[in-house]
Structure formats: C-alpha cells, structure tokens
Amino acid sequence: MRYFWGRVGLFVLTLWAAVTLNFILPRLMPGSPADAAIAKLSQNGPVSPAMRASIEAQLGVPSGSVWSQYLSYLGQVVHFDFGVSYSYFPQPVSSLIGAALPWTLVLVGSVTVIAFVVGTLLGVVAAWRRGTVLDTVPTVGGQFLSAFPYFWIALLLLFFLGYVAGWFPTSGAYSQTATPNWSLSFFGDALDHAILPGLTILITSFGGWIIGMRNTMVNTLGEDYVTFAEANGLRPRSVAMRYAARNALLPQFTSFGMVLGGVVGGSLLVETVFAYPGVGLLLFHAVTNQDYPLMQALFLIITVSVLIANFLVDILYGVLDPRTRQ
C-alpha cells in the first residue's frame with residue numbers, strides 16, 4: 001500500500017509541474033499571437049493601437065499579470081475549457097482536438113501495438129537462436145532500418161509507392177469526395193490512406209523492440225532458473241517462452257507503456273509529410289501560428305497521457321514483480 005500511495009503522490013506532483021511548464025513555455029516564445037493578423041493588415045498601412053487592441057480582444061489574447069493568467073489557466077484546465085483557437089478562429093480548441101485525436105489513436109496506436117508484438121516475438125526468436133540466421137537477419141535488419149529518420153523513410157515511400165507506382169494515396173486520411181461514416185467503403189478508403197504513414201512508423205520503430213528484447217533475453221538465458229529448467233528436461237519452447245521470455249518481458253513492458261503514452265502526441269513528421277489530419281499535424285500548425293490555446297491544450301494532453309501511462313506501468317510492474325515493492 002505504501003508503494004501505491006507513493007506512486008500516487010509522485011504522479012500528482014509531476015502533473016502539477018507539467019501543467020505549470022505547459023503554461024510557461026508558450027509565453028517564452030517571441031512575438032504575440034496577434035502579430036500575424038497585424039502583419040497582414042499593415043500591408044495596407046500602419047495599424048493603430050486601437051485596432052491592435054481590438055484584434056487581441058477578438059482573439060482572446062491573455063491580459064493582466066502573469067500570476068492572474070496562471071490562476072485563470074488552472075481554472076480552465078480543471079473545467080477542460082481550453083478556449084478558442086487563434087489560427088482556426090472561431091473554432092473551440094476542444095473540437096479541433098476531438099476531430100484530430102481519433103485519427104492519431106487509430107493510426108499511431110495500432111501501428112505501435114503491431115510493432116511491439118512483432119518486434120518482441122522476433123527478439124525472442126533471435127535470442128533463442130542466437131548466432132544463427134534467425135538471429136542475424138532480424139537484429140541487423142532492424143538496427144539498419146531504425147537508423148533512418150522517420151521523414152526520410154516517409155519521403156521514399158511517398159515517392160516510390162505513391163507517385164511512381166501509384167499504389168496508395170499520397171495525402172490525407174480519406175478521399176476528398178468521401179464523407180466520414182461507419183460504412184465498409186469509407187473504412188477501406190481510410191485504411192488505404194493510412195498504409196503509407198503506418199508503414200513508415202512500423203519500419204522505423206520495430207527494430208528497437210527487436211534489439212531490446214533480444215539483449216534482455218540473452219541475459220535472462222544465463223540465469224540459474226533457466227539452466228535448472230533445461231536440466232529438468234523441459235521442452236525448449238517451454239523454457240524459452242515460460243521462463244526466459246516471460247521474465248525478459250518486464251523491461252520491454254515498461255518501454256511499451258512509455259511509448260504507448262506518447263501515442264496521443266502522434267507522429268509529427270510523418271503526419272506532416274502525408275498531411276494526415278492527426279494531433280501531430282495539428283501541433284505543427286499551432287506552433288507555426290503561435291496559437292497559445294491550441295498549443296497549451298495539446299501539450300497538456302500529451303503530457304498527461306504520458307504521465308498516466310507511466311503511472312499505470314509503475315503499478316502493474318509492482319504487481320508483476322514483487323521485488324519492486326520492497
């Protein structure tokens with residue numbers, strides 16, 4: 001019980017620190033959210049102070065002392081009121097995130113789970129058959145592919161499979177003529193648009209799961225309980241899966257929880273290359289347009305999701321491995 005409440009206290013403290021930093025960081029950026037609108041108007045002549053004040057009031061630019069803004073911000077966070085977006089005015093921030101979040105969760109979330117499962121299984125095979133072709137091919141191949149950045153793989157797939165071969169769509173989450181619904185035709189269209197960005201994330205991420213699981217399991221295979229299981233004549237498959245892989249999976253599970261928490265943030269580079277309407281692309285537009293409310297809401301959601309994932313992993317790790325509670 002002490003372990004549980006200690007983790008809860010650490011989670012609350014970290015959450016408060018993250019919310020505070022989320023308030024401070026956007027305000028350290030140079031310029032003002034109203035500068036973009038004022039720059040457009042200044043092409044026709046100088047902008048008067050009254051006009052500037054009117055633009056700032058229309059956009060809802062924060063005013064008053066930093067302390068009053070901070071207290072107001074905490075109240076908005078508690079009530080899930082993130083205000084109106086500056087760059088997508090007058091749309092509320094919550095509606096923009098609500099429209100982008102499902103696309104990111106489906107694309108990045110499903111690909112992350114697939115990469116974890118496939119990479120972990122290949123890592124088990126590579127460790128159990130170390131020194132053979134079944135070890136060399138997945139480890140060297142996975143390490144080679146993981147060395148390339150996301151955007152480079154994305155551009156290659158976009159050029160060769162999208163433009164040259166014409167097999168898959170090159171941008172968007174669905175066709176411009178399609179209307180989002182629950183029909184099989186729309187599902188197939190959305191799946192067709194998700195193949196290239198999903199394949200990009202899969203190629204560049206599953207190599208790390210292979211290397212991590214293989215290295216951990218190689219160390220586990222040298223433990224006494226594995227040697228004892230082999231000496232008792234257990235089948236090799238049982239020794240590999242029930243003894244070595246089961247214990248080697250604990251560090252892998254911790255990494256998976258951290259990565260899964262970051263799924264909410266999307267994949268900014270991949271979504272930008274393919275113009276995929278997820279949270280990553282929305283964050284890119286928010287930063288480039290100095291959209292404070294949208295930036296703060298996205299940063300907060302990403303941070304809280306990572307903290308919650310780490311908290312759940314800590315609790316589950318304590319259940320799976322009682323030694324951590326000591």
Side-chain angles (χ1 to χ4, degrees), residues 87-88 96-119 122 137-181 183-211 259-289 291 294-295 298-299 301-302 305:
S87 54
Y88 296 91
L96 292 172
I97 297 177
L101 189 58
W103 296 107
T104 292
L105 292 178
V106 172
L107 174 66
V108 185
S110 59
V111 173
T112 300
V113 173
I114 293 173
F116 170 75
V117 174
V118 174
L122 289 177
V137 172
T139 53
V140 175
Q143 194 169 11
F144 175 76
L145 293 175
S146 299
F148 294 103
Y150 281 95
F151 68 90
W152 194 78
I153 296 294
L155 291 175
L156 288 180
L157 294 177
L158 184 66
F159 178 75
F160 288 105
L161 300 184
Y163 289 109
V164 176
W167 292 347
F168 305 104
T170 57
S171 64
Y174 52 88
S175 301
Q176 295 181 355
T177 58
T179 302
N181 53 65
S183 64
L184 291 178
S185 59
F186 178 78
F187 176 79
D189 183 48
L191 180 62
D192 196 29
H193 282 75
I195 288 178
L196 287 184
L199 189 60
T200 301
I201 301 173
L202 182 65
I203 290 175
T204 53
S205 61
F206 86 101
W209 298 117
I210 297 175
I211 303 300
V259 173
L260 199 60
V263 164
V264 176
S267 182
L268 191 148
L269 293 177
V270 174
E271 292 183 5
T272 302
V273 170
F274 293 100
Y276 197 81
V279 175
L281 184 62
L282 190 63
L283 178 60
F284 173 77
H285 291 314
V287 173
T288 54
N289 292 288
D291 193 338
L294 187 55
M295 274 192 295
L298 289 173
F299 289 155
I301 291 175
I302 295 171
S305 64

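Predicted model, so just to flag it, every value in this text is computed and none were measured.
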Kindly give the heavy-atom pair with the smallest separation between [X] and [Y], and that separation in Å.
X      : Y      : answer
Ile201 : Val108 : CD1-CG2, 4.1 Å
Leu158 : Thr170 : CD1-O, 3.3 Å
Trp103 : Pro277 : CD1-O, 3.7 Å
Pro169 : Leu196 : O-CD1, 3.5 Å
Tyr276 : Ala194 : OH-CB, 4.2 Å
Leu122 : Pro138 : CB-CB, 4.4 Å

Value rounded to 0.5 Å, distance of [atom1] in [X] from [atom2] in [Y]:
X      : Y      : atom1 : atom2 : value
Phe144 : Ile203 : CZ    : CD1   : 11.5 Å
Asp189 : Phe186 : CG    : CZ    : 6.5 Å
Thr104 : Leu282 : OG1   : CG    : 8.5 Å
Phe274 : His193 : CZ    : NE2   : 12.0 Å
Leu283 : Thr272 : CG    : OG1   : 9.0 Å
Ile114 : Trp209 : CD1   : CH2   : 14.0 Å

- Query: Hey, which of Leu157, Leu199, Asp192 is the one that makes side chain to side chain contact (heavy atoms under 4.5 Å, CB included) with Phe168?
  - Reply: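 Among Leu157, Leu199, Asp192, the one meeting side chain to side chain contact (heavy atoms under 4.5 Å, CB included) with Phe168 is Asp192.
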
- Message: Consider side chain to side chain contact (heavy atoms under 4.5 Å, CB included). Of Ile195, Leu155, Val270, Leu156, which one does Thr200 pass it with?
- Response: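 The option that passes is Val270.
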
